[in-house]
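Proteins get letters first, then strands, A, B, ... in listed order; numbering begins at 1 in each. Owing to the predicted nature of the structure, the values given are computational and were not obtained by experimental measurement.
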Protein chains: 2
Amino acid sequence: MLGALSVAPLTGYQVRETIRDVLGHFWSESFGQIYPALARLEAEGLIGREGGDRTGSSTFSLTPAGLERLRERLGEPVVPQAPRNGLMLRLFFGRQLGPERCRELVVEAGDRARASLATFAAIRAEIAGEAEHAADAPYWLITVSAGEHSAQAMVAWADEALAALDALGGSARGGPRRWER
Amino acid sequence: MLGALSVAPLTGYQVRETIRDVLGHFWSESFGQIYPALARLEAEGLIGREGGDRTGSSTFSLTPAGLERLRERLGEPVVPQAPRNGLMLRLFFGRQLGPERCRELVVEAGDRARASLATFAAIRAEIAGEAEHAADAPYWLITVSAGEHSAQAMVAWADEALAALDALGGSARGGPRRWER
DNA sequence: GGGCACATGTAAGCTGTTACATGATTAA
DNA sequence: TTAATCATGTAACAGCTTACATGTGCCC
């Protein structure tokens, strides 16, 4: 939230939208905690509220103390997320799930990756077109590139995995079954 | 846990180790919940306990009902994990963090990816050498392949990101500074 | 006038982590 | 005999999700 407000002043609602739409590919926040967190950050003097006292909407912006705090927090060590990849779990126990269902899961994953490649291309174009964020753009593009590399890897893996599953004889629907007479 | 016990009977401690060592690249479990969960699964008749009543260690194995339940659970839709990538968050706000620190983070990520490539190669060799798990091996190798593709993508991305950061002029230590006289 | 997007919040409850506590067995 | 590993648990706490509750302003 401090990061979002470091780019531009936002309302709570806009913070929520920004995190979902802009950071969504690598970060998520519990929206039920945004307003409590805004209140806390305001009480700590890290963000300031402008406009609409109790009547309408208020816009929050980073104070100098808030910017300092953001830099501190960004400098802290990265805490790796505990992995929880349900797709891989299902494939690992694929013998119990069956080759057909595994195949479906892999196809879906490949399709999702291809779709996200298109999204990343659009985001890349959008960032390149925004002159007002020229100083941030190189960093933003690095994260977009990470998404693209990851999605490309997923596409390549899905193709390879489908070939492996077909070799197992699991593709009952439509696949070539060379070993049958 | 049902999946782990579907491959071989294990003690609670071994379940914990198996999840950490074998599934660790794509799954994690809260170990504080393993024993309560084992007790619950036993009460539901999904797993059976052999040996050591109250004295020593007991080994759990899957009952037919447990195998059925495992297949049901594997067939449920994949719940995507909420993304929380601290590395990408720091790079996105890299302007506040500074190019030097960003560079360090990217180098670390690339090194981790290279190290995991070596690990995956070892795992691949190990799976290929285990004749008793021949029926599971193709599925296990698909998940190993996913890890390899992902790590290779990370390595390629890191190189690209470092080049982008150097172009920004952030590499004060040792990098070529062509624009200087 | 109705529906939708904008806007702000609260609270119950679930999940998961962390730290603690204990004891047996095995290897140096 | 001392340390490490194997083994089994408990409990407090932190964090997050979900559902609920309410109201405004704008467009069709």
Side-chain angles (χ1 to χ4, degrees), chain A residues 1-5 8-24 26-44 46-61 73 76-86 89, chain B residues 1-5 8-24 26-44 46-61 73 76-86 89:
Chain A
M1 288 176 41
L2 292 176
L5 295 178
L10 301 168
T11 67
Y13 192 85
Q14 288 170 331
V15 168
R16 167 198 169 125
E17 282 191 313
T18 302
I19 292 174
R20 169 163 41 78
D21 300 340
V22 181
L23 309 181
F26 55 84
W27 199 260
S28 68
E29 270 310 325
S30 179
F31 298 141
Q33 301 201 136
I34 280 191
Y35 291 104
L38 281 173
R40 209 200 69 225
L41 293 173
E42 190 189 9
E44 292 181 47
L46 302 177
I47 62 177
R49 184 190 295 252
E50 280 110 46
D53 300 281
R54 93 198 72 242
T55 74
S57 63
S58 40
T59 302
F60 295 91
S61 58
R73 301 282 273 129
E76 289 176 9
V78 175
V79 182
Q81 189 182 30
R84 279 273 165 117
N85 189 326
L89 192 73
Chain B
M1 286 177 44
L2 292 176
L5 295 178
L10 301 167
T11 67
Y13 192 84
Q14 287 170 331
V15 168
R16 166 199 170 125
E17 281 190 314
T18 302
I19 292 175
R20 169 162 40 78
D21 300 340
V22 181
L23 309 182
F26 54 84
W27 198 262
S28 69
E29 270 309 325
S30 178
F31 298 140
Q33 300 200 137
I34 281 192
Y35 290 104
L38 281 172
R40 209 200 69 225
L41 293 173
E42 190 190 9
E44 292 181 49
L46 303 177
I47 62 177
R49 183 192 297 254
E50 280 109 46
D53 302 281
R54 94 197 72 240
T55 73
S57 62
S58 38
T59 302
F60 296 90
S61 57
R73 302 282 271 130
E76 290 175 9
V78 175
V79 183
Q81 189 181 29
R84 279 273 166 116
N85 189 327
L89 192 72

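Considering every non-hydrogen atom in both P9(B) and T59(B), the closest pair reads CB-CG2, 3.7 Å. Closest of all the heavy-atom pairs between Y13(A) and Y35(A) is N-OH, 3.4 Å. Nearest heavy atoms, A4(A) versus L10(A): O-CD1, 4.1 Å.
Distance, F60(B) CZ to dG9(D) C1': 11 Å, rounded to whole Å. As rounded to whole Å, 15 Å separates atom C1' of dT17(D) from atom CD of Q81(B). The CZ-P distance, from R40(A) to dG9(C), rounds to 15 Å in whole Å. Following rounding to the nearest Å, E50(B) (CD) and dA7(D) (P) show an atom-to-atom distance of 15 Å. Counting to the nearest Å, the C1' atom of dG9(D) and the CG atom of L41(B) are 16 Å from each other. A straight line from CD1 of I34(B) to C1' of dG16(C) spans 13 Å, rounded to a whole angstrom.
Close to dT8(D), at under 4.0 Å from its OP1 or OP2, lies a side-chain N or O of S58(B).
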Name the pairs: protein N/O against N/O of nucleotides 17-20 of chain C, kept only if under 3.5 Å.
unit_1	atom_1	unit_2	atom_2	d
dT17(C)	OP2	S30(B)	N	3.2
dT17(C)	OP2	S30(B)	OG	2.7

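Less than 4.0 Å separates DNA chain D from no heavy atom of any residue of residues 11-23 of chain A.
Computed from C1' positions of five pairs at each end, the angle between the two local axes of the helix from dG1(C)-dC28(D) to dA28(C)-dT1(D) equals 30°, rounded to 10 degrees.
Residues passing the salt bridge (charged side-chain N to carboxylate O under 4.0 Å, His left out) test with R20(A), sequence neighbours excluded: none. The side chain to side chain contact (heavy atoms under 4.5 Å, CB included) test applied to F26(B) returns N85(A), M88(A), L89(A), F92(A), L23(B), T143(B), not counting sequence neighbours. Under the side chain to side chain contact (heavy atoms under 4.5 Å, CB included) criterion, S30(B) pairs with Q33(B), not counting sequence neighbours. Scored by the side chain to side chain contact (heavy atoms under 4.5 Å, CB included) test, S28(B) finds A82(A), P83(A), R84(A) as partners (sequence neighbours excluded). Scored by the side chain to side chain donor-acceptor pair (under 3.5 Å) test, E44(B) finds R40(B) as partners (sequence neighbours excluded). Scanning for side chain to side chain donor-acceptor pair (under 3.5 Å) contacts around S61(A) gives E50(A), with sequence neighbours left out. Evaluation of the side chain to side chain donor-acceptor pair (under 3.5 Å) rule for E42(B) yields R49(B) as partners, not counting sequence neighbours.
Note that CD1 of I19(B) is 4.5 Å distant from CD1 of I34(B), once rounded to the nearest 0.5 Å.
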